[in-house]
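Order of the sequence lines sets the chain letters (A, B, ...), proteins ahead of strands, with each chain counted from 1.
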2 protein chains.
Amino acid sequence: MSDGQGTDGEPVDPRLHEERLARLIRLAARAFNRSLTLRLSTEGVTFGQWIFLRILWREDGLSQRELSDRAHLTEPTTHTALSRLEQMGLITRRNVEGNRRRQHAFLTDEGWRLRDVLEPLAIEANDLAVEGLDAEEQAVLRHALTVMIHNLERDEAEAAARGQRVPPTRVQNAV
Amino acid sequence: MSDGQGTDGEPVDPRLHEERLARLIRLAARAFNRSLTLRLSTEGVTFGQWIFLRILWREDGLSQRELSDRAHLTEPTTHTALSRLEQMGLITRRNVEGNRRRQHAFLTDEGWRLRDVLEPLAIEANDLAVEGLDAEEQAVLRHALTVMIHNLERDEAEAAARGQRVPPTRVQNAV
DNA sequence: CAAGGATTATGAGACATCTAATTTATTGAC
DNA sequence: GTCAATAAATTAGATGTCTCATAATCCTTG
């Protein structure tokens with residue numbers, strides 16, 4: 001079924017082909033996420049927790065709002081995720097500079113310690129993924145992905161300017 | 001923060017960098033999904049419904065099990081998705097060849113009709129995404145993604161052989 | 001051909017995410 | 001200085017996905 005032919009043998013638009021870009025990218029993202037999820041699970045950390053920890057390792061003390069922006073998740077989602085991280089003893093939340101509205105998240109010693117354990121796992125997944133790709137190919141890959149993200153986000157911004165909203169995109173693991 | 005430096009100015013492993021592959025791929029997949037979700041929503045179709053319709057347009061009459069495999073979703077998920085599609089009048093379910101266990105899904109006329117409306121939207125999103133990339137770059141992109149998917153799925157298969165299971169990978173929209 | 005094991009679908013319950021509504025705090029305008 | 005508008009966090013409720021359990025059917029083999 002990867003011969004670019006429909007069931008009756010007529011040629012198919014390659015952009016609808018099984019190997020179309022959208023599908024390849026979705027599969028690659030899924031495979032990457034699963035690879036990392038599997039490795040993190042050996043340390044009792046979920047993929048969602050990794051996302052927030054990783055942001056905080058770079059910028060400790062962000063507000064919940066800022067974390068939501070960085071993670072591309074809504075505030076309620078961030079709220080519950082942070083509550084869990086706090087309960088696990090990996091972060092604490094508190095106000096700063098007399099602002100009693102914003103809640104800032106700070107890593108605990110244990111949260112910092114996890115970094116040394118988890119980051120090597122991410123590096124391992126990355127190295128594994130690019131096995132067999134030379135530096136040139138990797139550079140083109142990065143460039144192409146960056147261009148695509150830019151194109152698509154510009155389009156979404158234009159749609160937003162016209163008042164069009166994107167509904168929730170589920171089916172995270174789909175083809 | 002995209003200068004390859006940590007907060008204290010020390011160099012950072014590029015594989016942990018903001019522009020690391022896993023993040024770019026996740027963002028690209030997300031942008032693609034959102035782009036398509038937005039377009040489909042104008043026709044009252046969700047992303048999840050698109051996934052199953054697209055499979056059926058290629059292979060009408062698959063069983064629920066086969067659809068689950070194709071879509072990389074579990075059977076209960078497929079079950080509820082198909083129930084919704086049936087309720088919308090886009091598919092029907094029935095047994096074939098005297099096998100009363102398997103439920104096969106068949107597109108209705110309306111389900112087939114939608115193809116002419118929706119596929120152009122997918123082509124539009126694809127064309128938009130690759131704007132500014134020449135054929136050579138697109139070929140390298142495809143190749144690189146295919147290699148990565150292969151590498152990562154091989155790794156997962158090896159882990160599975162050791163009895164390691166991948167927990168649910170949530171945070172579909174994450175960084 | 002009967003019994004046990006495998007396969008397929010379905011049901012029940014858990015969980016992460018979303019949108020919408022509510023609460024609380026801050027900022028800005030008069 | 002007070003009040004309205006804005007911003008941030010939280011709560012409530014809906015939904016799609018998952019895992020695990022159960023039911024129904026099919027297949028194999030003694």
Side-chain angles (χ1 to χ4, degrees), chain A residues 26 30 33-34 37-38 40-41 45-52 61-88 91 93-105 160 164-175, chain B residues 26 30 33-34 37-38 40-41 45-52 61-88 91 93-105 165-175:
Chain A
R26 200 147 57 225
R30 174 177 180 274
N33 290 350
R34 290 177 66 88
T37 299
L38 184 64
L40 294 173
S41 71
V45 174
T46 70
F47 186 70
Q49 288 159 10
W50 156 264
I51 293 294
F52 286 105
L62 288 177
S63 74
Q64 186 169 299
R65 184 77 231 286
E66 293 167 324
L67 280 165
S68 302
D69 289 343
R70 302 276 195 295
H72 294 282
L73 292 170
T74 62
E75 281 149 278
T77 301
T78 301
H79 179 71
T80 55
L82 292 186
S83 296
R84 177 85 178 113
L85 285 171
E86 191 167 34
Q87 181 197 328
M88 293 170 75
I91 66 162
R93 283 190 279 194
R94 65 167 192 271
N95 306 117
V96 297
E97 295 163 6
N99 189 322
R100 283 175 302 164
R101 200 170 40 173
R102 279 201 274 271
Q103 284 279 14
H104 296 254
Q164 287 185 280
R165 310 267 313 280
V166 181
T169 304
R170 296 269 165 62
V171 186
Q172 77 265 47
N173 294 330
V175 166
Chain B
R26 197 146 61 224
R30 175 177 178 274
N33 290 351
R34 289 175 66 88
T37 299
L38 184 65
L40 296 172
S41 70
V45 175
T46 69
F47 186 71
Q49 288 159 9
W50 155 263
I51 292 294
F52 287 106
L62 289 177
S63 73
Q64 185 169 301
R65 184 74 232 285
E66 292 167 325
L67 280 166
S68 302
D69 289 344
R70 303 276 195 294
H72 294 282
L73 292 170
T74 63
E75 282 149 275
T77 301
T78 301
H79 179 71
T80 56
L82 292 186
S83 297
R84 177 88 178 110
L85 286 171
E86 190 166 35
Q87 182 197 328
M88 293 171 74
I91 67 163
R93 284 188 280 194
R94 67 167 188 270
N95 305 118
V96 296
E97 295 161 6
N99 189 323
R100 284 175 300 164
R101 200 169 40 173
R102 279 203 273 269
Q103 285 280 13
H104 296 254
R165 311 266 312 281
V166 181
T169 303
R170 296 271 165 64
V171 185
Q172 79 265 54
N173 294 329
V175 167

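Between the C1' atom of D:dC18 and the CZ atom of A:R34 lies a distance of 11 Å, rounded to the nearest Å. Straight-line distance from the CG atom of A:L62 to the P atom of D:dA9: 11 Å, rounded to whole Å. One can place CD of B:Q103 at 11 Å from P of D:dT25, the figure rounded to the nearest angstrom. Note: NE2 (B:H72) to C1' (D:dC18) measures 16 Å, nearest angstrom. Here the P atom of nucleotide C:dA14 and the CZ atom of A:R84 are 16 Å apart, to the nearest Å. Here the C1' atom of nucleotide C:dC15 and the CZ atom of A:F47 are 17 Å apart, to the nearest Å. Rounded to a whole Å, the CG atom of B:N33 is 15 Å from the P atom of C:dT17. Note: CG (B:L67) to C1' (C:dT10) measures 16 Å, nearest angstrom.
Here the nucleotide nearest the side chain of A:H79, chosen from D:dT11, C:dA25, C:dT10, is D:dT11. Comparing D:dA9, C:dA12, D:dT25 against the side chain of B:R100 picks out D:dT25 as the nearest.
Within 4.0 Å (heavy atoms only), B:T78 reaches no atom of the nucleic acid at all. In this structure, B:E75 reaches the bases: a heavy-atom distance under 4.0 Å links it to at least one base atom across the strands shown. No engagement by A:P167 is indicated, since no non-hydrogen atom pair under 4.0 Å with the nucleic acid exists.
Closest heavy-atom contact between B:P168 and A:T37: O-CG2, 4.3 Å. Here the shortest heavy-atom pairing between B:R165 and A:L38 reads O-CD1, 3.3 Å. Between A:R102 and A:N95, the shortest heavy-atom contact is O-ND2, 2.7 Å.
Where A:P168 and B:Q64 each meet DNA chain C at their nearest nucleotide, the meeting point lying more 5' is that of B:Q64. With the nearest nucleotide of DNA chain C identified for both A:T74 and A:N99, A:T74 has the one nearer the 5' end.
Between A:S83 and A:T80, the side chains place no donor N or O within less than 3.5 Å of an acceptor N or O (distance only, hydrogens not considered).
Taking only side-chain nitrogens and oxygens, B:T77 never comes nearer than 4.0 Å to OP1 or OP2 of D:dG16.
Contact of the A:T46 side chain with the A:L40 side chain is not registered, since no non-hydrogen atoms from C-beta on lie closer than 4.5 Å.
A donor-acceptor pair under 3.5 Å links the side-chain atoms of A:H104 to the main chain of A:G61, judged by distance alone. At distances below 3.5 Å, at least one donor-acceptor pair connects side-chain atoms of B:E86 with backbone N or O atoms of B:R93.
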Check nucleotides 1-7 of chain C for protein N or O atoms closer than 3.5 Å to its own N or O atoms and list the pairs.
{"unit_1": "C:dT7", "atom_1": "O2", "unit_2": "B:R101", "atom_2": "NH1", "d": "2.6"}

